Amino acid sequence: EAAVTQSPRNKVAVTGGKVTLSCNQTNNHNNMYWYRQDTGHGLRLIHYSYGAGSTEKGDIPDGYKASRPSQENFSLILELATPSQTSVYFCASGDAGAEQFFGPGTRLTVL
Amino acid sequence: GDKVKQSPSALSLQEGTNSALRCNFSIAATTVQWFLQNPRGSLMNLFYLVPGTKENGRLKSAFDSKESYSTLHIRDAQLEDSGTYFCAAASSSGGNYKPTFGKGTSLVVHP
């Protein structure tokens with residue numbers, strides 16, 4: 001079973017602050033993804049990566065940056081957090097064209 | 001409009017009955033995944049499909065790429081089947097593998 005972990009699991013941030021969400025996978029998957037989940041929207045893709053050093057914009061990238069320093073790690077960065085970014089964030093990994101495996105999610109509240 | 005549409009959006013089943021969930025997509029999908037999000041929020045993998053069918057216990061799923069839809073059949077529904085079911089469709093052509101999620105079907109199984 002693929003292992004994807006996320007940290008922190010819960011985060012409260014202030015408006016205008018910087019937030020970094022981290023994701024780690026131990027299955028040597030090439031692709032990693034960041035989604036957010038909001039009521040009525042399902043999961044929406046923010047950024048993804050094909051491998052170390054690469055990041056690509058997903059469907060809703062505005063206000064977010066991503067970093068993939070290694071095969072195992074993929075971070076989502078909110079430079080100036082806003083209340084509209086309050087959500088549950090999921091990281092996933094998988095090889096291209098193959099099954100995705102999800103982490104447990106991070107609940108972010110921006111006050 | 002939504003690239004992946006799930007129906008119904010909500011469903012209530014009596015324990016022991018059968019039902020089918022559907023996912024229609026307007027993208028040229030080559031793969032489909034089905035997930036169950038349990039009440040704690042965790043996303044569990046149910047099926048990963050290329051065109052064809054798969055079965056696992058009381059669950060059976062089919063993916064027709066020509067007609068652009070997928071179905072998930074639940075037989076003999078149990079209380080633990082309650083949760084939100086998501087489908088995600090993706091095209092692996094062109095090397096740009098970005099799964100797109102539907103908004104989910106919320107299922108409640110009652111005694």
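Chain letters run A, B, ... following the sequence lines, proteins first, then strands; residues in each count from 1. Computed from a predicted structure; not experimentally measured.
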Asks: Which answer fits T31(B), side chain, backbone, both or neither, if we ask what part of it has an atom under 4.5 Å from a heavy atom of chain A?
Replies: side chain
Asks: Counting only non-hydrogen atoms closer than 4.5 Å, does Q6(B) touch chain A with its backbone (N, CA, C, O), its side chain (CB onward), both, or neither?
Replies: neither
Asks: Can you give each donor-acceptor pair under 3.5 Å made by side-chain atoms of residues 17-25 of chain A, sequence neighbours left out, with the distance rounded to 0.1 Å?
Replies:
| unit_1 | atom_1 | unit_2 | atom_2 | d |
| --- | --- | --- | --- | --- |
| N24(A) | ND2 | N73(A) | OD1 | 3.0 |
| Q25(A) | OE1 | N27(A) | N | 3.1 |
| Q25(A) | OE1 | N28(A) | N | 3.2 |
| Q25(A) | OE1 | H29(A) | N | 3.2 |
| Q25(A) | NE2 | H29(A) | O | 2.9 |
| Q25(A) | NE2 | Q71(A) | O | 3.0 |

Asks: Please list, chain by chain and in numerical order, all residues satisfying side-chain hydrogen bond (donor to acceptor under 3.5 Å, both in side chains) with R107(A), sequence neighbours excluded.
Replies: none
Asks: Between Q100(A) and chain B, with a heavy-atom cut-off of 4.5 Å, which part of the residue counts as in contact: side chain, backbone, both or neither?
Replies: both
Asks: Decide whether Y35(A) and Y48(A) meet the rule of one side-chain donor and one side-chain acceptor closer than 3.5 Å.
Replies: no
Asks: Could you tell me which portion of L43(A) (side chain, backbone, both or neither) has an atom closer than 4.5 angstrom to a non-hydrogen atom of chain B?
Replies: both
Asks: Could you look at F47(B) and say if it's the side chain, the backbone, both or neither that has a heavy atom under 4.5 Å from chain A?
Replies: neither
Asks: Do T55(A) and S49(A) pair up side chain to side chain, a donor and an acceptor below 3.5 Å, judged on atom types alone?
Replies: no
Asks: What distance separates S91(B) OG from F25(B) CZ, expressed to the nearest 0.5 Å?
Replies: 11.0 Å
